[in-house]
2 protein chains.
Amino acid sequence: MSDEQRQRQRLDISRHAVRLFAEQGVAATSGEQIAQAAGVSERTFWRYFPHKESCVEPLLTKMVDAFCVVLRAWPPELELIDHLREAYTPVLDSASDEDVEAVLEVVRLTHGEPALRAAYLMLRERAEDALADVLAKRLDLPPTAIEVKVQAAAMSAVLKVATDDVAQASVEGVTQAGLDGHREQLATTLSLVLRCLSQAAAG
Amino acid sequence: MSDEQRQRQRLDISRHAVRLFAEQGVAATSGEQIAQAAGVSERTFWRYFPHKESCVEPLLTKMVDAFCVVLRAWPPELELIDHLREAYTPVLDSASDEDVEAVLEVVRLTHGEPALRAAYLMLRERAEDALADVLAKRLDLPPTAIEVKVQAAAMSAVLKVATDDVAQASVEGVTQAGLDGHREQLATTLSLVLRCLSQAAAG
DNA sequence: GCGCTTTATGGCACTCACTGCCATAAAAGT
DNA sequence: ACTTTTATGGCAGTGAGTGCCATAAAGCGC
């Protein structure tokens, strides 16, 4: 079976799982139930997901990966704020509206569902590493350099706050205006923090 | 039973659990085994710890709390770097050497033990919130302000890197010189980042 | 088309993390 | 001393997750 097929299968199960998590809570949703909803046997379900909470991973990584792609495409001569204004919109358009809603739903669920929170944090840490790689290339430093790690962490924090904001704001459904505001806040704050921390690293 | 007694009991179990985790891995250590080592029944063990991995919490929070106490005692007129040089040493002295070793062992274990990593990240997030509170008071801003959160995240990142460094450096036992170097690196980097981000927030 | 190997799936039994329930012991209050 | 509360232990049960094997299905040489 191709990797692509497996990824699509995981994503499909992920969608069902998140819906069930939102409807009845994580604890009240059994692996058997998710498997049944996704139309696979329980045994294969556990083969696709080592833990129940990791069901949220495919949906979330889809978004994180998209953001990382945008970041990697950041041309050296451009200001981050301008690049994001240009390139960040397609990210949200590339995903189906339902998936965007689902991701924000997961973000909301992580407050109040410790198991999901833990999975979320693990994923964010992976994303932070990816961020550090991008920054390292840009600053021509090893990804292990402390300046790189601190900058990556600060960016990650900005992303986290912005994501929480938009998730909170779009409880009653996402709007284009909401997403635009999100992108704008993200771009300005990220630019500010990066410029400032870069100077500190250089000085 | 007093809270204090309960805390001491949890800490005691925590020490046994960490030792077992280090000796044979988390997966290979059963709740029954930890309970037996700590001299309580399995049932009471599960009453003290909702999850196996949360056994590391008491030991880790002891250190985190100690650092937060130091931070809270940071006088407004003093530079952070000077305050840490003055006040951070007693923190490490206040804990028994075995506990310091155990904490560093846990930090090392979190690389390679995803379950412990997740618990570690949850705890770090709580610590970050405490950090944000301290910063908010200092900057006279609400703890929810984005500048506060970003600064807290950056500090948290510095702490994380420094902690990982010292944990890695003291595989063969901690030395006073190692701890001193740790404190010095922590103090200088924290000061730099804070000064820089404060300017950004003010500008 | 047909065998053969590989791989994905399902079923089953099992372990173990964790919980609810009750019975008892210890502590605390009067 | 008596009662009430609270901490503990035992026991049985649920559900997450795993190992094992049997089968189905996909890929491949012919």
Side-chain angles (χ1 to χ4, degrees), chain A residues 1-14 16-58 106 109-110 112-120 122, chain B residues 1-14 16-58 106 109-110 112-120 122:
Chain A
M1 187 193 244
S2 72
D3 253 21
E4 205 176 325
Q5 263 178 314
R6 188 182 168 83
Q7 294 300 84
R8 237 180 297 128
Q9 176 84 297
R10 273 174 59 93
L11 188 57
D12 182 57
I13 299 177
S14 182
H16 287 284
V18 167
R19 183 175 43 79
L20 290 170
F21 287 167
E23 281 173 12
Q24 49 188 4
V26 176
T29 304
S30 68
E32 187 187 0
Q33 207 174 351
I34 303 173
Q36 199 174 338
V40 296
S41 82
E42 194 183 344
R43 189 63 188 84
T44 41
F45 166 70
W46 288 122
R47 264 195 275 263
Y48 276 90
F49 295 96
H51 315 288
K52 203 170 44 164
E53 324 87 53
S54 41
C55 286
V56 301
E57 192 198 297
V106 171
L109 284 175
T110 58
E113 293 271 11
L116 288 193
R117 190 79 193 169
Y120 183 60
M122 294 282 279
Chain B
M1 186 192 245
S2 72
D3 253 21
E4 206 176 323
Q5 264 178 313
R6 187 183 169 81
Q7 294 301 84
R8 237 179 300 127
Q9 175 85 298
R10 273 175 56 94
L11 188 57
D12 182 57
I13 299 177
S14 183
H16 287 284
V18 167
R19 183 176 43 79
L20 290 170
F21 287 167
E23 282 173 12
Q24 48 189 3
V26 176
T29 305
S30 69
E32 187 186 359
Q33 208 175 349
I34 302 173
Q36 199 174 338
V40 296
S41 81
E42 194 183 343
R43 189 64 188 85
T44 37
F45 165 70
W46 289 121
R47 264 195 273 262
Y48 276 90
F49 295 97
H51 315 288
K52 202 172 39 166
E53 324 87 54
S54 42
C55 287
V56 301
E57 192 196 298
V106 171
L109 284 175
T110 58
E113 293 270 10
L116 287 194
R117 189 81 194 168
Y120 183 60
M122 293 282 279

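Letters A, B, ... mirror the listed sequences (proteins, then strands); counts begin at 1.
Within the 4.0 angstrom heavy-atom criterion, only backbone atoms of the sugar-phosphate kind lie near Tyr48(B); the bases stay farther away. Counting any heavy atom pair closer than 4.0 Å across all strands shown, Ser54(B) reaches no nucleic acid atom.
Set against dC20(D), dA16(D), dC11(D), the side chain of Trp46(A) has dA16(D) as its closest nucleotide. Side chain of Glu42(B), nearest nucleotide from dG17(D), dG10(D), dC18(C): dC18(C). Comparing dT8(D), dC18(C), dG17(D) by their nearest atom to the side chain of Thr44(B) picks out dT8(D). Taking only side-chain atoms of Ser30(A), from C-beta outward, the nucleotide of dA16(D), dC18(C), dT8(D) with the closest atom is dA16(D). Checking dC18(C), dG19(D), dG17(D) against the side-chain heavy atoms of Glu53(B) singles out dC18(C) as nearest.
In this model, the phosphate group of dA17(C) is not approached by any side-chain N or O of His51(B) to a distance below 4.0 Å at OP1 or OP2. Put simply, Ser41(B) has no side-chain N or O that comes within less than 4.0 Å of OP1 or OP2 on dT8(D).
Around atom CD of Gln36(A), no more than 12 heavy atoms belonging to other residues, nucleotides or ligands sit under 6.0 Å away. In Glu23(A), the CD atom is crowded: over 12 heavy atoms of neighbouring residues, nucleotides or ligands sit closer than 6.0 Å.
Put simply, CD on Gln5(A) is 15 Å from P on dA25(D), counting in whole angstrom units. To the nearest angstrom, P of dA8(C) lies 10 Å from CG of Asp3(A). Atom C1' of nucleotide dA16(D) and atom CD of Gln36(A) are separated by 17 Å, given to the nearest angstrom. As a whole-Å value, the separation of Lys52(B) NZ from dA16(D) P is 17 Å. Look at CZ on Arg6(B): it is 10 Å from C1' on dA7(D), rounded to the nearest Å. At whole-Å resolution of the value, CD in Gln33(A) and P in dT14(D) are 16 Å apart. In this structure, Glu32(B) places its CD atom 11 Å from P of dG10(D), rounding to the nearest Å.
Under a 3.5 Å cut-off, the side chain of Glu53(B) and the backbone N or O of Ala118(B) do not form any donor-acceptor pair. Under a 3.5 Å cut-off, the side chain of Lys52(B) and the backbone N or O of Ile34(B) do not form any donor-acceptor pair.
Between the side chain of Arg47(A) and the base of dG17(D), no donor-acceptor pair of N or O atoms lies under 3.5 Å. You'll find a donor-acceptor pair under 3.5 Å spanning the side chain of Arg43(A) and the base of dG19(D), going by distance alone.
Between Phe45(A) and Ala35(A) the shortest heavy-atom distance is CB-CB, 3.7 Å.
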